[in-house]
Protein chains: 2
Amino acid sequence: MEKSSNEELSETAITAWAQLLRSSQNLLANIEAELKSKKMPPLSWYDALLELRNQKTNRLRPFELQKRMLLTQYNMSRLIDRMARDGFIECLDCNEDKRGKIVHITQSGRALLRKMWPIYRLAIINGFASKLDESEIDKLSEILLKITVTED
Amino acid sequence: MEKSSNEELSETAITAWAQLLRSSQNLLANIEAELKSKKMPPLSWYDALLELRNQKTNRLRPFELQKRMLLTQYNMSRLIDRMARDGFIECLDCNEDKRGKIVHITQSGRALLRKMWPIYRLAIINGFASKLDESEIDKLSEILLKITVTED
DNA sequence: TCAATGTAGATGCAACTGCAACTATCTGCT
DNA sequence: AGCAGATAGTTGCAGTTGCATCTACATTGA
């Protein structure tokens, strides 16, 4: 099932597309590099921990976490392994569903969030926020929202 | 040397940032998946071949190609290995600099560009261009341009 | 001229990702 | 009850990426 399309694709659209790819890749790479230079784990660890902390119960099932982040199931499985190995999360038995388990953020995980945030924050400011004014940021959000896939 | 910053970082800016990451990741993942489902190589092969074809001489040194794409040196080295293995490029001796070599797009490489473009094009239309009007595309370009690192 | 330093590119090894297959459990249906 | 899917999660293996290091050639400068 594929949306048709002999539709137009303007030069400007291609350029915009290329710019979108480039700028996000670029910013992301800078942030990862910044984190690494400070001996911090990658951004995905931050994202995962943040999702967990945002739950009132501080916990999620792997498949729930997986949907919130854009990760495949096996990558989620392994991310959990690594974060658990380093003590930032812990895995509990799930009694409601014996197939599954429950991922829970630890104190150490919370501490990591606190340590990573200033670095992340600064990178967002320097690479992104400080270069745009309020109205541009709003407009950008608005536009990006329109290309966000909203199926699920 | 790090740009200072106790600067503000608004909620809206964080949201916009998150949206930028998400949408580009998402679109990119869709395109890669689309290509893969059609048994095509990844987008980076397309990019590299396109850069080569855009040269009047159809060739570039690896380090030049590397700067144009956002790739590390070793990843470029290996990308070249793979594309050469599959016959889409060929590597020639470089007489001006005996350390280096010259990467040249083959007929087969050009053919690959032609085969990949319709798929790529359609994905850009469906995931991106068709969801925005002209003025939004312009505005997006304009905004993204401002956060593009322009050093070098 | 030749030593010091810089640049182009490759590569061994470890970590990470993708794919396909696998186990274990759950759900729906007859 | 009991079987046919569907779903949660894991894992072996192959391919890819990151890091550090290495070779070879180029450039600079005393």
Side-chain angles (χ1 to χ4, degrees), chain A residues 25-26 28-48 52 59-86 88-104 152, chain B residues 25-26 28-48 52 59-86 88-104 152:
Chain A
Q25 270 185 223
N26 212 320
L28 193 54
N30 286 350
I31 292 183
E32 295 286 15
E34 187 62 24
L35 288 171
K36 191 165 309 189
S37 81
K38 302 274 201 303
K39 311 286 184 196
M40 299 284 174
L43 209 46
S44 55
W45 291 37
Y46 186 88
D47 288 344
L52 291 173
R59 63 187 61 189
L60 281 171
R61 298 282 298 275
F63 75 95
E64 296 173 308
L65 198 44
Q66 197 195 135
K67 269 181 245 158
R68 286 169 171 72
M69 308 171 61
L70 300 167
L71 270 189
T72 56
Q73 200 230 14
Y74 49 84
N75 276 331
M76 178 50 70
S77 174
R78 281 153 169 166
L79 177 57
I80 288 171
D81 286 348
R82 281 171 244 146
M83 292 196 299
R85 162 174 49 71
D86 291 0
F88 299 120
I89 57 173
E90 56 193 359
C91 295
L92 313 172
D93 288 348
C94 177
N95 295 319
E96 295 74 52
D97 184 342
K98 287 329 215 110
R99 289 168 304 182
K101 62 189 197 177
I102 291 172
V103 180
H104 181 258
D152 130 304
Chain B
Q25 268 185 223
N26 212 323
L28 193 53
N30 286 350
I31 292 185
E32 295 285 15
E34 187 63 24
L35 288 170
K36 191 166 306 191
S37 80
K38 301 274 199 307
K39 310 287 184 195
M40 299 285 174
L43 209 47
S44 55
W45 292 36
Y46 186 89
D47 288 344
L52 291 172
R59 62 187 61 189
L60 281 171
R61 298 282 299 276
F63 74 93
E64 296 173 309
L65 198 44
Q66 200 196 128
K67 269 180 247 164
R68 285 168 171 72
M69 307 171 62
L70 301 167
L71 270 188
T72 56
Q73 192 258 328
Y74 50 84
N75 277 331
M76 179 49 71
S77 175
R78 278 152 170 164
L79 177 56
I80 288 171
D81 286 348
R82 283 171 243 146
M83 292 197 297
R85 159 173 53 70
D86 291 1
F88 300 120
I89 58 173
E90 55 192 358
C91 295
L92 313 172
D93 288 347
C94 178
N95 294 319
E96 294 75 51
D97 186 341
K98 286 332 216 105
R99 287 170 305 182
K101 61 189 198 177
I102 291 172
V103 179
H104 181 257
D152 134 301

D/dG9 OP1/OP2 closer than 4.0 Å to side-chain N/O of A/Lys98:
no
Phosphate oxygens OP1/OP2 of C/dT17: is one of them under 4.0 Å from a side-chain N or O of A/Arg82?
yes
Whole angstrom value for the distance that separates P of C/dA15 from NZ of A/Lys36
13 Å
Under-4.0 Å side-chain N/O to phosphate OP1/OP2 contact, A/Asn75 with C/dG18
yes
Going by heavy atoms in the side chains, are A/Pro42 and A/Leu35 under 4.5 Å from each other?
no
Could you go step by step and tell me if A/Leu79 and A/Asn75 meet the side-chain contact (heavy atoms from CB on, under 4.5 Å) rule?
CA-CA 6 Å; A/Leu79 177 57; A/Asn75 276 331; over 6 Å; no
When you compare the side chain of B/Ile102 with that of B/Arg61, does any pair of heavy atoms fall below 4.5 Å?
yes
Between atom NE2 of A/His104 and atom CG of A/Leu92, what is the distance when rounded to the nearest 0.5 Å?
6.5 Å
Between CG of B/Asp93 and C1' of D/dA24 the distance, given in whole Å, is 14 Å
Are any of the side-chain heavy atoms of B/Arg82 and B/Trp45 separated by less than 4.5 Å?
yes
Value in whole Å for how far the C1' atom of D/dT17 lies from CG of B/Leu70
16 Å
Report the distance from atom CH2 of A/Trp45 to atom C1' of C/dA15, rounded to the nearest whole Å.
12 Å
Considering only heavy atoms from C-beta outward, does the side chain of B/Met83 approach that of B/Val103 to under 4.5 Å?
no
Under a 4.0 Å heavy-atom criterion, the protein footprint on nucleotides 5-13 of chain C, written with B, S and -, is -BBSBBBBB
Output the rounded distance in Å from CD (B/Glu96) to P (D/dA24).
21 Å
D/dT17 P sits how many Å from A/Glu32 CD, rounded?
15 Å
